[in-house]
Amino acid sequence: MIKKKSTRLILGNWKMFGSFFDNAYLLNGLKSVDDSFYCDMGVCVPYPYLFQASLFLQNSKCSWGAQDISFRTSGPYTGEVSGAMLREFGCKWVIVGHSERRLFHGETDLDVSKKIEAAVSNNIVPVVCVGETLEQYESNESLQIIEKQVNSILELDSSIVSKAIVSYEPIWAIGSGCPANPDYAQKIHSMIREIFIGKGVNNIKILYGGSVKPDNAFDFFAMPDIDGALVGRSSLDLEDFLAIASIKC
Ligand code: 13P
């Protein structure tokens, strides 16, 4: 088991939620994040709110990012948003290959790889999601499925891969209110880390996502290979998100 060394990272994924009015309350609260918080923090907001996030959060300890990126640089691609555009909004992070994009937009492992390259070439950190469905979990295929997703990322050059972050998000735990068992998540994280190390990438940060809440976050963060969380629902509640970020262990 390899001991984690990096600062914990707590990222919020707002998904398709928000309004200028509601965001203002959340973003104002996130401005209060100071050095007493035991982590780095950020929020990945819908595209229309990137400018608002940048206005509220500039010069704060909380960074911001997007939830998707085009793998193309520019051109007649209606609806797509390039890495260069995200960079202009000061994005530090972009979520890539979230299961909701794989499911509802047919994103493949190859698309995910191209998006990782697009992010890194624009100095944006790709937060790459991997995870198994309930069916795969119940038929004991989790390790195999996740290994395949991770190996696909590792086909990229290690100079690119080493700039990425991985988020393990069991699909059955997302939005269900039933998180993975922390011991089970640790087992998966440890396997992911070993695959990366086997390919010479030693310092990969691995987040857990799926029904993280203030009352269960400690148990995940206490695990040696869990470096933080990608938080959905609880990131829309200022008090809950700050409570998760302020956990010490
Ligand atoms: P929930 O925290 O709402 O389960 O969502 C997790 C997630 O999908 C983060 O990307």
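Below, all heavy atoms of this structure are taken into account, side chains as well, without hydrogens, waters or symmetry copies. Note that the numbering runs from 1 along the sequence shown for the chain. Ligands are counted one by one from 1 in listed order, and the atoms in each one are counted from 1 as well. These numbers were taken from a predicted model, which means no experiment stands behind them.
- Checked by distance only, ligand 1 and Gly209 stay at 3.5 Å or farther apart across all their nitrogen or oxygen atoms.
- Between the side chain of Asn122 and the backbone N or O of Ala118 there is at least one donor-acceptor pair closer than 3.5 Å.
- Residue contacts with ligand 1 do not include Ser234, since none of its heavy atoms lies under 4.0 Å from the ligand.
- For Asn13, every heavy-atom contact with ligand 1 shorter than 4.0 Å involves the side chain, none the backbone.
- Taking every heavy atom of Leu230 and a limit of under 4.0 angstrom, the matching atoms of ligand 1 come to 9 (C), 10 (O).
- Note on ring orientation: taking the six-membered ring where Trp is involved, the planes of Tyr208 and His189 are tilted (angle from 30° to 60°).
- Closest to atom 2 (O) of ligand 1, if we only count protein heavy atoms, is Gly232 N, 2.9 Å.
- With Asp68 as the fixed residue, the salt bridge (Lys or Arg N to Asp or Glu O under 4.0 Å) test singles out one of Lys115, Lys15, Arg102: Lys115.
- Looking at Asp237 and Ser234, their side chains never bring a donor and an acceptor atom within 3.5 Å of each other.
- A donor atom on one side chain and an acceptor atom on the other are not found under 3.5 Å apart for Thr133 and Glu135.
- From the protein, the heavy atom lying nearest to atom 3 (O) of ligand 1 is Arg233 N, 2.9 Å.
- In this structure, Lys15 counts as a contact residue of ligand 1, since one of its heavy atoms falls inside 4.0 Å of the ligand.
- Applying side-chain contact (heavy atoms from CB on, under 4.5 Å) to Arg193 and the options Asp227, Val166, Asn202 leaves one that passes, Asp227.
- Taking Trp14 as the reference, nothing meets the side chain to side chain donor-acceptor pair (under 3.5 Å) condition, with sequence neighbours excluded.
- Looking only at protein heavy atoms, the nearest one to atom 9 (C) of ligand 1 is Glu169 OE2, 3.1 Å.
- Taking every non-hydrogen atom of Gly210 and a distance limit under 4.0 Å, the qualifying atoms of ligand 1 come out as 4 (O), 6 (C).
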